[in-house]
Student: 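Below is one structure. I have some questions about it.
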Amino acid sequence: MYTSQISFLRIKPIPPSFFVILQPQTNASFLIYLDMNKPVRVRFAPSPTGALHIGGVRTALFNYILARQTGGQFLLRIEDTDQTRQVAWAEQYIVDSLQWLGIMPDESPWQGGPHAPYRQSERKAIYHQYVQQLVASGHAYYAFDTEEELNALRERLVAAKVDNLQYNAATRGTMKNSFTLTEAEVKTRLDAGEPYVIRFNMPRKEEVRFHDLIRGWIMVHSSTLDDKVLMKSDGMPTYHLANVVDDYLMQITHVIRGEEWLPSAPLHVLLYKAFGWEQVMPQFAHLPLLLRPDGNGKLSKRDADAHGFPIFPLQWTSPEGEQVAGFREAGYLPEAMINFLALLGWNPGNDQEIFDLDALKATFSLERINKAGAKFDIKKAQWFNQHYLRQKPDEQLVALLQAGLQTQNISADASKAAKIVALMKDRVTFPHDFWREAGFLFEAPTQYDAQVIAKSWTPEAVAFLESFLNGLKQVPAAEWQADTLKHLLHETIEKQGLKIGKVMPALRVSLTGAGAGPDLAAIMEILGSEPTLARIGQALEKIAVKN
RNA sequence: GGCCCGUUCGUCUAGGGGUUAGGACGCAUCCCUUUCACGGAUGAAACACGGGUUCGAUUCCCGUACGGGCUACCA
């Protein structure tokens, strides 16, 4: 009884994954909520035209989190329909990047899955089949215009001062296509193997509305849209066709992608309608863009060069042979990248800012994604890196240090490495800081900071160093430890009636060459007796006493 | 040019008709320390503009400005 009443009222079935709440009396009548209990199927669909951009990584991350959060699936689909822009290593770069960050897909070209293949170039036949459906229903048509003819159209429209220079309902009647050619002529051309494209028959006037999970309702008039090419003359589909067909076949529930796709979303909605797939059309969420740190515009490779920080996850080599920096090689930790990226455009609504993947799975939501683009602030990324680096267990840091030292051809045994880690832990942002900032532990200073010497190398400091040196010589090897040395240090200072601040900079500069650094007693312990004595002796010899 | 999207400290952002407009990064000062770093404390720093609606608008509406995206047989 209920059923018949409902069908009589022609109430549309509710899409399975959403609640639709009707609010009578108001114009904004639909509020759509994501039902988080329902598993989503989402996809990341990069095109393998080069190194994966960090913005793409964030898109992948948001998709991944949503899938994990709802117990759904995260698919990776390679959108390689532009054969002229293929880059051989790009696919591997994508896998490596996702793997590095720990956000691997559930279905992909490499793992396979129930909807394989996951590479669009391998799905050509499928698109041909579906586009024929559109041709048959009148939603798409053949066009034979050459590049010159297309340019001529554009020039004519410019001359006529028409606002939108488009191949559309207003202009298609002047071109060479199924509308202006007879059926027989079209067939002859097709049979003759003449190059053609298949275009979408964009309705002359129709209001296209769709709901974006981040931006709300968006309305565009079809008269401002054009007859987009669906099938290219090389037999490959364009993004627009392939993306809609694949998302349908792969049962994608949410399309989460960058804002640069917003203008073509109405076309996609119209395609779903033309195919008769409205009821299962995915929900859209268009993410705010990652912007350049200074001024304006989308984050680009040029910014990376200009600011000296990476915008790619992994290092790569450009066709010109130039090494382009990657976050991984620059010393950024995956945890830090995830945290940093997640907070670019999303926030939890409270003061928490440390999020690992598990925390994100627990708190992430599309509703809390911002609309405005986010500038890329590398300082914040560095802060996250420092945070996560310091949080690592000492054993891991020791391993990191030893690996780093090896690249410098320096070796340090485990106990020495552990001491260095303890000494440097609070002063590092990147793993390489451990050895770059602690070079003085391995190499005696070759020069001394002139400013520090000018200020600290006084006769009394020299006298102190001489007597401290004598004291050090008496310390038995077994007692060469930071606390013993510190005790001796203070004792010597006291005996000479000196102030500690008057004398320490001289000791430091003789040991490290610099005026600032970690605790000196600890440095002497790590250095060991002989090098310590040698360095002080050398400084006393080399540095001339002031006045 | 056309279409679409956006606008709270320098940056990431919270908030929302009546708030001392909150936090974080960065910056500055102070404390700690042999110095630097870490840590702690404090501080400077924002509602783009103009109209409405309202007792009251940073918050709602409309414009303007500014910024961004798209405008390919690229994705």
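No experiment lies behind these values; they were computed from the predicted model shown. Residue numbering restarts at 1 for every chain, and letters A, B, ... go by the order of the sequence lines.
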Student: If the P atom of B/G23 is compared with that of B/U7, how far apart are they to the nearest Å?
Tutor: 23 Å
Student: Considering Watson-Crick and G-U wobble pairs with both distances under 3.5 Å, what does B/C66 pair with?
Tutor: B/G6
Student: Could you tell me how far B/U29 sits from B/G68 if I compare only their C1' atoms? Round to whole Å.
Tutor: 38 Å
Student: If the cut-off is 4.0 Å, is A/Asn370 near the phosphate of B/A14, judged by side-chain N/O to OP1 or OP2?
Tutor: yes
Student: Please state how far atom NZ in A/Lys486 lies from atom P in B/U35, giving the value in whole angstrom units.
Tutor: 12 Å
Student: Expressed as a whole number of angstroms, how long is the span from A/Lys380:NZ to B/C12:C1'?
Tutor: 5 Å
Student: When you compare B/G40 with B/G50, how far apart are their C1' atoms, in angstrom units rounded to a whole number?
Tutor: 46 Å
Student: Using whole Å, what does the distance between atom C1' of nucleotide B/C73 and atom CE of A/Met231 come to?
Tutor: 12 Å
Student: In whole Å, measure the gap between the C1' atoms of B/U64 and B/U11 for me.
Tutor: 27 Å
Student: Which residue in the set A/Val229, A/Leu267, A/Val131, A/Asp246 passes side chain to side chain contact (heavy atoms under 4.5 Å, CB included) when paired with A/Leu241?
Tutor: A/Val131
Student: Please tell me if A/Lys379 has a side-chain N or O lying less than 4.0 Å from either OP1 or OP2 of B/G10.
Tutor: no
Student: In terms of side-chain heavy atoms of A/Tyr239, which of B/G6, B/A75, B/C73 is nearest?
Tutor: B/A75
Student: Give A/Gly258 one of three labels, base, sugar-phosphate or nothing, depending on what nucleic acid heavy atoms sit under 4.0 Å from its own.
Tutor: nothing
Student: Report which part of the nucleic acid A/Thr81 touches: base, sugar-phosphate, or nothing (heavy-atom distance under 4.0 Å, all strands).
Tutor: sugar-phosphate
Student: Base, sugar-phosphate, or nothing for A/Leu520, non-hydrogen atoms under 4.0 angstrom?
Tutor: base
Student: Name the residue closer to the 5' end of RNA chain B, choosing between A/Ala381 and A/Val428 according to the nucleotide with the nearest heavy atom.
Tutor: A/Ala381
Student: Under a 3.5 Å cut-off for both distances, is B/A28 Watson-Crick or wobble paired, and to whom?
Tutor: B/U42
Student: Would you tell me if any nitrogen or oxygen in the side chain of A/Asn164 comes within less than 4.0 Å of OP1 or OP2 on B/C3?
Tutor: no
Student: Please measure how far the C1' atom in B/G63 lies from the corresponding atom in B/G69, and state the result in whole Å.
Tutor: 22 Å
Student: What is the pairing partner of B/G16, taking Watson-Crick or G-U wobble pairs with both distances under 3.5 Å in any strand?
Tutor: none
Student: Find out whether the Lys NZ or Arg CZ of A/Arg77 is both under 6.0 angstrom from the six-membered ring centre of A/Tyr118 and within 45° of the ring's axis.
Tutor: no
Student: Using the side-chain heavy atoms of A/Lys375, tell me which of these nucleotides is nearest: B/C12, B/C25, B/C5.
Tutor: B/C12
Student: Just checking, A/Arg189 and A/Phe144: is the charged tip under 6.0 Å from the six-membered ring centre and within 45° of the axis?
Tutor: yes
Student: Side chain of A/Leu289, heavy atoms from C-beta onward: which of B/G68, B/C73, B/C12 has the nearest atom to it?
Tutor: B/G68
Student: Can a donor-acceptor pair under 3.5 Å be found between the side-chain atoms of A/Arg85 and the base atoms of B/C74?
Tutor: yes
Student: Tell me which nucleotide, if any, is Watson-Crick or G-U wobble paired with B/G1 when both distances must be under 3.5 Å.
Tutor: B/U71
Student: Could you tell me whether A/Val229 contacts a base, only the sugar-phosphate backbone, or nothing, with contacts defined as non-hydrogen atoms closer than 4.0 Å?
Tutor: sugar-phosphate
Student: With a 6.0 Å cut-off on the ring centroids, do A/Trp346 and A/Phe364 count as close?
Tutor: yes
Student: When you measure from the side chain of A/Glu260, which nucleotide among B/A75, B/U35, B/C4 comes out closest?
Tutor: B/A75
Student: Do the two ring centres, one from A/Tyr332 and one from A/Phe309, sit under 6.0 Å apart?
Tutor: no
Student: Under 3.5 Å for both donor-acceptor distances, Watson-Crick or wobble: does B/U58 have a partner, and if so which one?
Tutor: none
Student: Measure CG/A/Leu389 against C1'/B/C38 and give the value in whole Å, please.
Tutor: 13 Å
Student: Separation of A/Phe355 atom CZ from B/C12 atom P, in whole Å?
Tutor: 18 Å
Student: Is the shortest distance from a Lys or Arg side-chain nitrogen in A/Arg172 or A/Asp227 to a carboxylate oxygen in the other one below 4.0 Å?
Tutor: yes
Student: Hey, does A/Asp145 reach any base, or is it just sugar-phosphate, or nothing, if we go heavy atoms under 4.0 Å?
Tutor: base
Student: What is the distance from CG of A/Leu230 to C1' of B/A72, rounded to the nearest Å?
Tutor: 14 Å
Student: Report yes if the distance between the aromatic ring centroids of A/Phe312 and A/Phe327 is under 6.0 Å, otherwise no.
Tutor: no
Student: Rounding to an integer number of angstrom, what distance separates B/U53 and B/G15 when you compare their P atoms?
Tutor: 29 Å
Student: Looking at every strand, decide which applies to A/Arg154 at a 4.0 Å heavy-atom threshold: base, sugar-phosphate, or nothing.
Tutor: sugar-phosphate
Student: More 5' along RNA chain B: A/Val220 or A/Pro237, using each one's nearest nucleotide?
Tutor: A/Val220
Student: NA contact type, A/Gly501, heavy-atom cut-off 4.0 Å: base, sugar-phosphate, or nothing?
Tutor: nothing
Student: Mind calculating the distance between NE2 (A/His221) and C1' (B/C3) to the nearest angstrom?
Tutor: 12 Å
Student: Under 4.0 Å between a side-chain N/O of A/Thr238 and OP1 or OP2 of B/A75, yes or no?
Tutor: no
Student: What distance do A/Leu76 atom CG and A/Glu91 atom CD have between them, rounded to the nearest 0.5 Å?
Tutor: 8.5 Å
Student: Write down the distance between CD1 (A/Ile218) and C1' (B/G69), rounded to a whole number of angstrom.
Tutor: 12 Å
Student: Closest to the A/Gln386 side chain: B/C38, B/U11, B/U13?
Tutor: B/C38
Student: Can you tell me if A/Arg390 touches the phosphate of B/G39, counting only side-chain N or O atoms and a distance under 4.0 Å to OP1 or OP2?
Tutor: yes
Student: Between the side-chain atoms of A/Ser233 and the base atoms of B/C73, is any donor-acceptor pair under 3.5 Å?
Tutor: yes
